[in-house]
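Below is one structure, written out as structure tokens, with a few remarks after it.
Chain letters run A, B, ... following the sequence lines, proteins first and then strands; every chain starts at 1.
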Number of protein chains: 2
Amino acid sequence: MGATVRDPVTSHRVLDHALTLFAERGYHGTALSEIAGALGVRTPSLYNHMRSKHELLESIVDTTTAGVLADFHAVHDEGGEPPDVLYRAARVYAHRHATHRREALVVNRDTSSLDEPVRGAMQARRREHEHALRAVISEGVERGVFHVESPALASFAIRELCVSIARWFSEDGPLSADQVADQYAGFALRIVGCAPDS
Amino acid sequence: MGATVRDPVTSHRVLDHALTLFAERGYHGTALSEIAGALGVRTPSLYNHMRSKHELLESIVDTTTAGVLADFHAVHDEGGEPPDVLYRAARVYAHRHATHRREALVVNRDTSSLDEPVRGAMQARRREHEHALRAVISEGVERGVFHVESPALASFAIRELCVSIARWFSEDGPLSADQVADQYAGFALRIVGCAPDS
DNA sequence: TACGGTCACTAACGAGCGTTAGTCAGCCCA
DNA sequence: TGGGCTGACTAACGCTCGTTAGTGACCGTA
């Protein structure tokens, strides 16, 4: 048999393996030597495909939080009544956390390791998402279709509920990402006291 | 004025400052020198009050997960119908995550840094809590008082919902731990499709 | 065949980590 | 007054980390 050939190392593959290991052991708990090892390469070779370990974390956080906001605005722009908007917003947020588990785990765990300005940008995006979702809930409450004492509390609950999917979801489990997202979007409506149509 | 006297360093205070810093920066992200600095002491002096950095993490995880189970069994043993049991179980779990934020953050973040047998013991306790809560939900579904497609999914949702309180709760916020716990226990009942009595 | 670019390598760095050893000041109690 | 315990200190250890420098093998192109 011929010599086994290693897959070519690209910046994309470096980021991918970093993502897996950061999600598993945390940013500080992951050594560059482990990322290199997973790629079948020595540590300094990584620097042909990245600028620093920190840059890996920053790019993960940056693209992920930007994606969350883009998702939200996409479904929000479709319009509709508060229950429809909330359902779609929760659904897409839940779905992302099932299909992008590693990204979510890293963002929610290693934010404190970020420096400015990336950290501030991330918090701003998080706040924007939070306030936008809260506005949807508040509107539903005003229209009498949602029933919660505190829209802020319900917003926290729904967001964190979806985030937590990343902590237990498995592609090999009994439910697909779509199924879980649907169920969780239903939970979101229940949390705000909106009775299902069916 | 006289010389300022430093509070006496005790193993309890070491653990307390470790808890704060672990929760803030993560286990691997916290250096013993930072814990020592917070106590106004040099790093090696810590070893008069602890055995190792790892032991700090282990004792945090151990006492916290044991406390969660003790809480659950206490309210479970009071008996009652599934809605009552679920409400109380969610309430005490939520309450703990508001009053023991740091512990919860560390347990949910740095579990992967544990070695056996502590890690296995922690997972076993987590599974026990998970299965016990799921059993309550399943019973409610069988009796027709809860309405969920998957008790497992609802159980995950409720547990993680409560856990997430640790991520945003503040003692200085508008709601007390008791108020948040009550609201979240209500969310739990809504998630399982159990209409409120009032 | 000669050239230039790509990229993995070895070697080495400075810094920081957790931890241990050994010293010494302060205190309680006989 | 003296002895022993407590506990903080300095110094130093071995190790691992992220990162840089410099070398050379490979490969497509002229």
Side-chain angles (χ1 to χ4, degrees), chain A residues 2-61 106 109-110 112-116 118-119, chain B residues 2-61 106 109-110 112-116 118-119:
Chain A
T4 36
V5 180
R6 183 185 55 216
D7 283 349
V9 179
T10 62
S11 59
H12 177 268
R13 290 190 66 223
V14 171
L15 195 66
D16 189 68
H17 281 82
L19 197 44
T20 300
L21 287 165
F22 287 174
E24 215 169 87
R25 318 181 210 267
Y27 174 72
H28 283 297
T30 303
L32 286 185
S33 61
E34 296 174 301
I35 300 175
L39 287 157
V41 141
R42 305 276 181 185
T43 307
S45 302
L46 294 178
Y47 285 83
N48 289 319
H49 309 283
M50 66 177 206
R51 272 207 282 276
S52 69
K53 185 190 181 187
H54 211 89
E55 187 207 47
L56 293 175
L57 178 62
E58 290 180 352
S59 94
I60 290 170
V61 171
V106 172
R109 174 184 199 162
D110 291 313
S112 57
S113 300
L114 287 172
D115 299 330
E116 296 301 343
V118 181
R119 181 180 176 143
Chain B
T4 37
V5 181
R6 185 184 56 216
D7 283 350
V9 178
T10 62
S11 59
H12 177 267
R13 290 190 67 222
V14 171
L15 197 65
D16 188 68
H17 281 82
L19 197 44
T20 299
L21 288 165
F22 287 175
E24 215 170 88
R25 320 181 207 266
Y27 174 71
H28 284 297
T30 303
L32 287 186
S33 60
E34 297 174 301
I35 301 174
L39 287 157
V41 141
R42 306 275 182 185
T43 308
S45 301
L46 294 178
Y47 285 83
N48 289 319
H49 309 283
M50 65 176 207
R51 272 208 280 278
S52 69
K53 184 189 182 189
H54 211 90
E55 188 207 48
L56 293 176
L57 179 62
E58 290 179 352
S59 95
I60 290 170
V61 171
V106 173
R109 173 183 201 165
D110 291 313
S112 56
S113 301
L114 287 172
D115 299 330
E116 297 300 343
V118 180
R119 180 179 175 144

Test: ring-ring contact (aromatic ring centres under 6.0 Å, His included). Region: residues 26-54 of chain B. Which pairs qualify, not counting sequence neighbours?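 Residue pairs passing ring-ring contact (aromatic ring centres under 6.0 Å, His included), neighbours aside: Phe22(B)-Tyr27(B), Tyr27(B)-His54(B).
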
Tell me the salt bridge (Lys or Arg N to Asp or Glu O under 4.0 Å) pairs involving residues 40-58 of chain B, sequence neighbours left out? Arg51(B)-Glu55(B)

Salt bridge (Lys or Arg N to Asp or Glu O under 4.0 Å) contacts in which one or both residues fall within residues 25-36 of chain B, not counting sequence neighbours: Arg25(B)-Glu34(B)

For the residue pair [X] and [Y], establish whether any side-chain heavy-atom pair is separated by less than 4.5 Å.
X         : Y        : value
Leu56(A)  : Ile35(A) : yes
Val9(A)   : Ser45(A) : no
Val118(A) : Leu57(A) : no

Stretch residues 24-37 of chain A: residues that reach within less than 4.0 Å of DNA chain C through a heavy atom: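 Correct list: empty, so none.
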
Going by heavy atoms closer than 4.0 Å, what residues in residues 43-59 of chain B are next to DNA chain D?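 Within this stretch, Pro44(B), Ser45(B), Asn48(B), His49(B) sit under 4.0 Å of the strand.
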
Residues in side-chain contact (heavy atoms from CB on, under 4.5 Å) with Thr20(B), at least two apart?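 With neighbours one apart ignored, the set is Glu24(B), Arg102(B).
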
